[in-house]
Each structure stands twice: as C-alpha cells, then as structure tokens.
Amino acid sequence: MLKLTLKDGSVLSVEPGVSCADIAAQISAGLARVALCAQVDDEVVDLCFVPTKDCRLSILTGDSEGGLHALRHTASHVLAQAVKRLYPDVKLTIGPAIENGFYYDFDTDLPFTPEVLEKLEVEMKKIVKEALELKRFELPRDQAVAYMAEKGESYKVELIEALPEDEAISFYTQGEFTDLCAGPHVPDTGRVKVFKLINCTGAYWRGDSKNKMLQRIYGTCFNKKDELEAYLTRLEEAKKRDHRRIGRELDLFDIYDEGPGFPFFLPKGMVLRNLLENFWREEHAKAGYEEIRTPIILDESLWHRSGHWDHYKNNMYFTKIDDADYALKPMNCPGGMLVYKRRMHSYRDLPRRMAEMGLVHRHELSGALHGLMRVRCFTQDDAHIFMTPEQIEPEIIGVIDLIDHFYKVFGFAYTVELSTRPEDSMGSDAQWELATSALQNALDHKKIDYKINAGDGAFYGPKIDFHLRDCIGRTWQCGTIQLDFQMPERFELEYVGADGEKHRPVMIHRVAFGSIERFIAILTEQYAGAFPTWLAPVQAVVLPITDRSSDYAKDVLEKLKAAGVRAEIDLRNEKIGFKIREAQLKKVPYMLVIGDKEAEANQVSVRSRAGVDVGVMPLSDFLARLSDEVEKKVL
RNA sequence: GCUGGUGUAGCUCAAUUGGCAGAGCAGCUGAUUUGUAAUCAGCAGGUCGCCGGUUCAAGUCCGGCCACCAGCUCCA
C-alpha cells in the first residue's frame, strides 16, 4: 500500500499499479500529476512519476532504474529546450534515455562544436534552475499533427503519423517548450542537477543510412554528483584499457596505413594467439571435432552456388587467375561443403563436426574499422556440423555447452540473443519455422534466458548470438550458432539413412571465440593487458641486481626455459627499481629478483605484478607454483 | 559509405597575427654496480599524413586525396 501525499497536503492510500482512473475518481485533479512524494513501506521517497500510456501509475523512486531513466529522459528534453532557445531554427527529432545517459537528434546545418555544447550546458543549467514543471496533455491525432505542423516540427509530424491509430498522443510541456513524448518524466526540470554533455556525432533519421544524417548530442545524467564522477572515471578507465593502445605498448599487434583493417601480429601477439589456438584445438578434439583447412581463394562459381553472390557480394573481394574469376572467401562454409561432398555418408557417421581456423576477408566500410574488433581480414574459429534432423537439438546443446565452457575459462559473463529471419533471405517459411524452433527448444532445454532480435538472422538461417560482457560492462558479440537448411540444399548434400534412401543433412555453422582477432582484443581489454599467467606472452622475467649475479641469473633463465616457462632476462646495467618498473609496465606476471644473497643461497626472490613480495624460494618451488597456476588456468 | 573531429620525432604533446620546427618519455653512447615502480650526462632522431594551389615566405591559409578518432549504418 502506498500513501500518496497530494499537493494540497491530503493523503491518499493506493495499491501499487492502481489505475489512474481510480485515483482520479478519488481526487478532483483528474489524470494530471497527483502526488509529489509518497510513503513506501514507511519510507518517504521522492517520486518521479507520471501516469504512463496505459494509465497505470508507475512509482519510480529516484534511485530506481526507472527513476534514473525518467530523469535522463527529462534531461534530453532540457537539452532540446536549450537548443530551441539558442537556435530556434533547429528541427527536433527524437531524444530518448539510453543505457548510460541520453541523446537528442536534431536536424540542422549548424555543427554542434565543443564550444556550442558548452553554451548549451550553460543554457541547460538555467532551465534546471527555473525548475519548470513538466505537464502532460493529450491531443486527438489530427490536432496533434496540426499542433506540431504549426511549430514547423516536420519530423514530429512524421512520428505522430506513424503512431498506431488507437494510441493516445501525449505531449509534455515545460515552460515555453513542448515535445511529443510518451514519458515518463520527473516532475520538474529542477531535478536534472547532475548532467554533462558528452559529444556530438552524426546519426541517420530513423537509423536508416538512406535517410538524412542528423546531428546527435550525447549526454549523461545522474542522481548524485559522485555517480557522474564515477561514470566519467569509468570512461577514462576504458580508455586506458583500449586494446589498440595496449596492443602497441605490449608489442602484440599493429596496423599500418598501408593496410587499413589488415592487422599485423608481432612476436608476442603470436605467442598469445597460438596459445588460444592450442586451447581451442584441445577442447575441440575432446568435443569430437575434426579439423580441416580450406583455401582462401576459390572460383567465383562456388559463391554463386552458395548464395553469397546474391546476398554478400558487396562485402567480398574478387580477383582473376588466368582470366578466370575468383573470390576471396568471406566465410568458410562453401569450402566445408566441398569437403563433405567428397564421398557418400551414412547416417551412422553423423554428426560430422568439421572445424576450421578459417582466414576470411570481408570488405567492411572504412568507417566501421576499429583496431582488432572490426577488421577486413580475420580468423574465425569456425566449425560446420552435418547431421540428421533428429540430431539438431542435441548438437545445438553440445555447442552451447562448449561455448559456455570457453567463456568461463576466460572469466566472461555473457548474454544470449536469438535472431530470426531477415528480409533478405533464402528458403521456405516452413524451413525457417523449423530451424527457429529448433534453436528455441535448445535454449529452453538449457534454461537459458534470451532476447529475440527479429529479422537479424543470417540470410541462410536463424542464429543464436553470444554477447560477452567485459569487466567494465560493455558487451561484444562473439560466439554464434547458426542453423542452415539452405546450404545443404544448394550443394545437394546427402547421406544414406537407415532406410537405405538418400536424405538431406542439416548443417550448423558455429564459432566460439567468434574471431581470434576480436577475442584477443576483448581479452586485452578485459585483463587490461595483464593476461593470466597461462596466456601471458612473457610469464617471468629474471632481474639480476648487479652483474655479479648475471651468471647465476642466466642459469636461472635456462632452467626456466627448460621447464617450458616463457621467460626473459634483463641484463641491462640499470637499478633494480628501474627494471622492476619496466617489467611491471609490460605486465609480466612474475619478476625473479636475483642478487648476491639469492646467488649464494641458490634461490630466487619472487615478486608478482600485483606488487606482492611472494618471498625467497628455491627455483623448483617457483616452478611448481607457476605450473600449477598454468595448469589450472588461474585468472 | 555518412556526419563531425584529428593528423608535427617511435610515444605523449608544444610552436603569437603566415616569418630559422621544439620538449618530455622511449632509443643510442658513456659513466654509475645499484635490493623491489624512473641514476646522471651526452648524442641522435622530422619530406610537419600525401598531392596541388595562394604567397617574397606555408606546420600555419585554400582545394583534393589518404589514414585515424567519436558516432551512425553494418557486423565475427
């Protein structure tokens, strides 16, 4: 039971979720905003609420997720109001609250430079100080259109016209400013105290690249100042973790002007990459996969047959060999088809799980390139599973288990999305129906929560996507499981069933890492370059204090190497503090400090990169500790 | 690809209104033999992203490309 304190001081007791009409019946204020504060479970809280579209009273406390959302939404209105005050000719479009703040898209020729953003912030502060009350009102459709048309807000007119016929068209007014909006909002602009405009970028009207590009201003807003500061600190932290910076600092990889989107892997990056591949091979062998490798360049006719020509041509690279047309593979599947077709298969041999570390080339738009996250050539840890229709569900479950295991090893949490049939696709409705429900059944069987992305599937089938959540809360699409009835059809794949007749197999495309390159980028940011010992390109560095100890130090290095440890030595004539600093900056897990005492006692002094003095011990003790850590893949 | 921004030494950044290209770190050389995150000194390092234009004179102004950054679109 909620106690609503009304503006006139009277108190009203209502059930949570009570309809506004019921409240209206109890008070004379009608459907307008009814309360300023409320008592919830004997605790008085600030209410950020307005009747929602379906006229349910939503109680949003300031600290709740919904409350913050409402606050940010109001902040976007404050921004729009400030823009209209300073630049009346700018046309409004949309301005929602988003995960970390809000944005508003404007149609204007004026570029919103940092100086303009500063002016806007000043104006916004004025609006906040004015503490303008947000009032909601509704208009019939034709009046709503006329109202916005009169203001010259053509985008708003377009939005209203796109609303469902039966939907109430609501507006919010604050002072001289009124915006088409479904709400909810906080009661007045005075609540938007802690905000900051972040930047300005371009964005297409309605997210369609065929439409006009608008100017988008991003901002963020919080309840408390320290929350905003924490958020800004987190952004700084993310910058420090940027894999492009760390990749260069730790000599993992580099990208040159001569090959935009085509990364070079340096010796240390190759160590990391090979370790990931070794892990991948071991796990796939255990899970019953065979490994193949198919060519990068294949005859263009293959791509006509696979359907890539019709659906993926714009992203492909082409070449000629002896006047014949060839293409660089953008995906590995057609090669896998040819391997399957080498001979007749029995149902007894299925499923066949054929894995491939496949190097693919895709022409990504220049503006989409981003370090190792988005490149034009990358290695997919691909696999194609050929199976009978009865094997679909258990095979999908097997892949889900494998991917789950992979992410746990690296310490990632993940979310799952199911993408359904896109507009540009091939195959029959019945096939898509079957494929989609097969994926759904597997997810339900594993009791995995998932979100549905309607129309986001591949052109040949629906897919399950795995999005990794890194340690600072960002998500990245990595693993994907795609069910495909089309490719086996197109390539006329067959197997002989128990009935002696020929049947068409079903195929799964799947990746676990996604791409080695992207996975390395994510790992780099997840660990901020401090890779767990089992993955660290250099696991230990030997640091002699003076050259009196260098012979013993070299001896230690040899023993480490003989034991399979990736070790280096720093024989430079520098002070120990300096050598430690450098090893620390290179994120080497262990530093073995060696001076006269250690040489004398035949021991090593172990320091971890966490800054912990692990102690003086015989080398064998250190080796035991290290191999245990590597064996267990300690994070 | 689109919108906005940026491009000076390996890295991070300076360089009045157009007027002799600079610093710190890294690098190299020498000295220092050092006990858990920076020893000192010296040297070297540049077609100011590329091409063209304006000018007595361009890192600086104009145009065209290229790359990068933030988004949008797309996506492993």
Side-chain angles (χ1 to χ4, degrees), chain A residues 103 105 108-114 116 198-218 239 242 244-245 248-249 254-261 312 314-315 330-332 358 360 362-382 456 458 463 465-468 476-480 482 509-519 521-522 543-550 572-585 591-598 605-609 611-614 616:
Chain A
Y103 68 79
D105 286 349
T108 173
D109 294 332
L110 166 93
F112 289 120
T113 59
V116 173
I198 305 290
N199 63 352
C200 171
T201 66
Y204 297 106
W205 167 237
R206 305 206 132 176
D208 188 335
S209 57
K210 290 187 202 78
N211 288 340
K212 183 167 185 188
M213 180 151 281
L214 310 168
Q215 304 276 334
R216 173 173 297 178
I217 296 178
Y218 280 97
K239 228 182 232 175
D242 193 316
R244 292 166 297 186
R245 169 200 286 263
R248 201 177 52 222
E249 284 171 356
D254 211 345
I255 300 175
Y256 305 100
D257 276 8
E258 287 83 349
Y312 210 73
N314 292 341
N315 284 302
M331 296 183 195
N332 303 300
V360 297
R362 298 182 183 177
H363 180 72
E364 298 295 341
L365 295 177
S366 59
L369 302 179
H370 180 92
L372 288 185
M373 296 284 191
R374 240 0 235 300
V375 289
R376 284 178 172 158
C377 82
F378 57 99
T379 307
Q380 290 184 305
D381 62 317
D382 217 341
D456 216 25
K463 58 177 186 169
D465 288 325
F466 293 78
H467 294 254
L468 291 189
W476 305 96
Q477 192 195 320
C478 290
T480 157
Q482 308 180 347
H509 310 246
R510 43 108 286 181
V511 290
F513 287 139
S515 88
I516 297 284
E517 289 77 5
R518 179 176 287 181
F519 202 76
I522 296 168
L543 307 177
I545 292 171
T546 71
D547 55 16
R548 286 193 302 279
S549 317
S550 61
R572 290 176 306 171
N573 182 6
E574 296 288 352
K575 291 169 84 165
I576 191 64
F578 182 79
K579 293 183 183 183
I580 285 173
R581 177 184 154 79
E582 296 235 311
Q584 197 77 43
L585 291 174
M591 288 152 250
L592 306 186
V593 176
I594 285 172
D596 295 333
K597 284 184 278 183
E598 288 77 15
S605 174
V606 181
R607 181 191 207 273
S608 81
R609 71 182 158 200
V612 177
D613 184 352
V614 183
V616 180

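All values derive from a computational prediction rather than experimental measurement.
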Atom pairs under 3.5 Å, N or O on each side, protein against nucleotides 36-47 of chain B: can you list them with distances?
residue	atom	partner	partner atom	Å
B:U36	O2	A:Arg607	NE	3.1
B:U36	O4	A:Ser605	OG	2.5
B:A37	OP2	A:Arg607	NH2	3.0
B:A38	N7	A:Arg581	NH1	2.9
B:A38	N6	A:Arg581	NH2	2.7
B:A38	N1	A:Arg581	NH2	2.9
B:U39	O4	A:Glu574	OE1	3.4

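Comparing the same atom, P, in B:A57 and in B:G19 gives a spacing of 14 Å after rounding to whole Å. Using atom C1' as the reference point in both B:G1 and B:G10, the two lie 33 Å apart (nearest Å). Comparing the same atom, P, in B:C48 and in B:A21 gives a spacing of 10 Å after rounding to whole Å. B:C68 and B:U55 have their C1' atoms separated by 31 Å, given to the nearest Å. Comparing the P positions of B:U12 and B:G49 gives an interatomic distance of 14 Å, to the nearest angstrom. Using atom P as the reference point in both B:U8 and B:C50, the two lie 10 Å apart (nearest Å).
Residue-level contact check: A:Glu364 touches the bases, meaning some heavy atom is under 4.0 Å from a base atom. Heavy atoms of A:Tyr218 sit under 4.0 angstrom from primed sugar atoms or phosphate atoms, though from no base atom. Within the 4.0 angstrom heavy-atom criterion, no nucleotide atom of any strand lies near A:Lys212.
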**Message:** Walk along nucleotides 1-14 of chain B from 5' to 3' and tag each nucleotide B, S or - by protein heavy-atom contact under 4.0 Å, base first, then sugar-phosphate.
**Reply:** BBB-------SS--

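In the interface, the side chain of A:Arg206 is not paired with the base of B:C72 through any donor and acceptor atom under 3.5 Å apart. Side-chain atoms of A:Arg362 stay outside donor-acceptor range of the base of B:C75, with no qualifying N/O pair under 3.5 Å.
The local environment of CG in A:Asp109 is sparse, with at most 12 non-hydrogen atoms from other residues, nucleotides or ligands closer than 6.0 Å.
Paired regions of RNA chain B, where each region holds three or more successive Watson-Crick or G-U pairs whose two hydrogen-bonding distances fall under 3.5 Å, are B:1-7 with B:66-72, B:10-13 with B:22-25, B:27-31 with B:39-43, B:49-53 with B:61-65.
Taking the charged nitrogens against the carboxylate oxygens, A:Arg244 and A:Asp242 do have a contact shorter than 4.0 Å, which makes a salt bridge. Salt bridge A:Arg572/A:Glu582: present, at least one basic N to carboxylate O contact under 4.0 Å.
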